[in-house]
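Here is the structure we will look at.
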Amino acid sequence: MKILVTGFDPFGGERINPAIESVKKLPDTILGADIIKLEIPTVIGKSLDKIKEAVKKESPDVVLSIGQAGGRSDITVERVGINIDDCRIKDNEGNQPIDTPVVKDGPAAYFVTIPIKAIVEKLRTKGIPASVSNSAGTFICNHVCYGVAHLAASSKKPMKSGFIHIPFLPEQVTDKPPLTPSMALDTIVHGITLAIEAIIENDTDIKVSGGKIC
């Protein structure tokens, strides 16, 4: 098995992004699966273009994308990507599309195909806070979540896709309001490693509650 894991470069005025920093520290193999690590730009369009190039070259079985969600306190496994770019801030090249589809004439949304609840349960049993998220936002994380799912749906070869959001690193919150959540890099790396193990171990998802009231 071959798993492509992507992480974004820093954005929004931050000097570091835990997404790419955690991806860099992943093992090269996990439970016998080859882990391919890819840094992608926080740029509309170009992020997906780089992933498409890697998919064409490597032909992975799974594409797992990692993104920073500043303000979240746990590792959140996304359930769905929606076909909209509605950027509250500019990307790293100054683009700020508003109410623009990720894929023209594409479906309104895609559910990811990795076992989201199996991932959450595995992380929790190992003492790492985790939950299912029902919104990847409308910035570049959702852009990639939806775009890779569309790429997988259009592929002749079966390919799973998924997206995981991670919190700020402790060093990112020193200049932010008190009690802004963060998580140590080693904990994030361990969490993503466990998530990949769950992907390898579960062809289908487990049936447990992961819903939210609102």
Side-chain angles (χ1 to χ4, degrees), residues 2-28 34-58 60 62-72 74-78 81 84-98 100 102-103 112 114 133 135-151 161-176 180-193 195-196:
K2 191 180 288 188
I3 301 176
L4 173 64
V5 188
T6 77
F8 292 98
D9 62 1
F11 71 96
E14 299 288 339
R15 289 180 291 181
I16 192 171
N17 191 327
I20 187 55
E21 295 307 317
S22 58
V23 169
K24 287 176 183 176
K25 295 190 72 173
L26 290 173
D28 292 330
D34 294 326
I35 307 302
I36 305 152
K37 307 163 192 178
L38 179 69
E39 180 172 342
I40 58 174
T42 308
V43 179
I44 291 288
K46 287 187 177 180
S47 50
L48 285 175
D49 288 344
K50 192 158 187 180
I51 293 172
K52 289 174 184 176
E53 290 173 5
V55 167
K56 184 177 181 180
K57 176 183 176 183
E58 302 289 350
V62 182
V63 178
L64 176 64
S65 299
I66 311 298
Q68 169 192 289
R72 295 191 188 182
D74 60 350
I75 292 178
T76 50
V77 186
E78 298 300 338
I84 196 73
D85 290 325
D86 190 7
C87 299
R88 182 179 59 82
I89 62 173
K90 294 179 180 180
D91 70 13
N92 283 353
E93 290 190 357
N95 305 299
Q96 192 176 8
I98 296 173
T100 303
V102 179
V103 177
V112 305
I114 60 171
S133 167
S135 175
T138 56
F139 192 48
I140 299 182
C141 288
N142 174 75
H143 180 81
V144 164
C145 182
Y146 179 93
V148 176
H150 182 76
L151 179 65
S161 73
F163 197 102
I164 294 177
H165 267 122
I166 56 177
F168 282 134
L169 297 174
E171 55 264 44
Q172 290 180 278
V173 303
T174 56
D175 61 348
K176 293 178 174 59
T180 299
S182 67
M183 185 176 284
L185 181 59
D186 286 348
T187 302
I188 293 172
V189 173
H190 187 203
I192 296 172
T193 302
I196 293 171

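For clarity, every value in this text was computed on a predicted model and none was experimentally measured.
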Item to complete: Could you tell me whether the side chain of Val148 reaches within less than 4.5 Å of the side chain of Phe163, counting heavy atoms only?
Response: no
Fill in: Side-chain heavy atoms of Asn92 within contact of Ile140, under 4.5 Å
no
Worksheet entry | Separation between NE2 of His190 and NZ of Lys25, rounded to the nearest 0.5 Å | 13.0 Å
Fill in: Minimum heavy-atom distance between Phe139 and Lys90, given as atom pair plus value
CZ-O, 3.9 Å
Worksheet item: Would you say the side-chain atoms of Lys46 pair up with the backbone N or O of Pro41, donor to acceptor, closer than 3.5 Å?
Response: no
Item to complete: Look up atom CZ in Phe8 and atom CG in Leu38, then write down how far apart they are to the nearest 0.5 Å.
Response: 10.5 Å
Worksheet item: Does any non-hydrogen side-chain atom of Glu58 lie less than 4.5 Å from one of Leu4?
Response: no
Discussion item. With rounding to the nearest 0.5 angstrom, report the CG to CD1 distance, Leu26 to Ile35.
Written reply: 7.0 Å
Discussion item. Show, in sequence, the C-alpha distance, side-chain angles and deciding distance for Ile164 and Val77, and conclude whether the side-chain contact (heavy atoms from CB on, under 4.5 Å) test is met.
Written reply: CA-CA 5 Å; Ile164 294 177; Val77 186; 4.3 Å; yes
Fill in: Check: Asp91/Thr42 side-chain N/O donor and acceptor closer than 3.5 Å
no
Worksheet, complete the sentence: Taking every heavy atom of Pro27 against every heavy atom of Thr193, the minimum-distance pair comes out as CD-OG1, 3.8 Å
Worksheet item: How far does OG of Ser22 sit from CD1 of Ile66, to the nearest 0.5 angstrom?
Response: 6.0 Å
Worksheet item: How long is the span from the OG1 atom in Thr174 to the CG atom in Leu169, to the nearest 0.5 Å?
Response: 11.0 Å
Worksheet item: Is any side-chain heavy atom of Thr6 less than 4.5 Å from a side-chain heavy atom of Val23?
Response: no
Response to the item:
Correct closest heavy-atom pair for Cys141 and Gly67 would be SG-CA, 4.0 Å
Worksheet item: Short question: side chain of Thr100, backbone of Ile98 - any donor-acceptor pair under 3.5 Å?
Response: yes
Discussion item. Testing the basics here: between Gly162 and Ile114, what is the closest heavy-atom pair and its distance to 0.1 Å?
Written reply: CA-CD1, 3.6 Å
Worksheet item: Distance-only, no hydrogens or angles: does the Asn142 side chain make a donor-acceptor pair with backbone N or O of Ile84 under 3.5 Å?
Response: yes
Worksheet item: Which atom pair, heavy atoms only, marks the closest approach of Ile44 to Cys87?
Response: CD1-SG, 4.1 Å
Item to complete: Can you measure from CG (Leu48) to SG (Cys145) and round to the nearest 0.5 angstrom?
Response: 10.5 Å
Practice prompt. Return yes when atom NZ of Lys37 has more than 12 non-hydrogen atoms of other residues, nucleotides or ligands closer than 6.0 Å, and no otherwise.
Written response: yes
Worksheet entry | Test item: Gln172 side-chain N/O and Ile16 main-chain N/O as donor-acceptor pair under 3.5 Å | yes
Fill in: Glu14-Gln68 side chain donor-acceptor pair, cut-off 3.5 Å
no
Discussion item. Looking at His143 and Gly45, would you say the former's side chain and the latter's main chain have a donor-acceptor pair under 3.5 Å?
Written reply: yes
Discussion item. Please evaluate residues Glu53 and Lys50 with respect to the criterion salt bridge (charged side-chain N to carboxylate O under 4.0 Å, His left out), reporting the C-alpha separation (whole Å), side-chain torsions for both, the decisive distance (0.1 Å), and the verdict.
Written reply: CA-CA 5 Å; Glu53 290 173 5; Lys50 192 158 187 180; over 6 Å; no
Item to complete: Kindly give the heavy-atom pair with the smallest separation between Met183 and Pro170, and that separation in Å.
Response: O-CD, 3.3 Å
Item to complete: Determine whether Val55 and Pro60 make a side-chain contact, defined as any pair of heavy atoms from C-beta on separated by less than 4.5 Å.
Response: yes
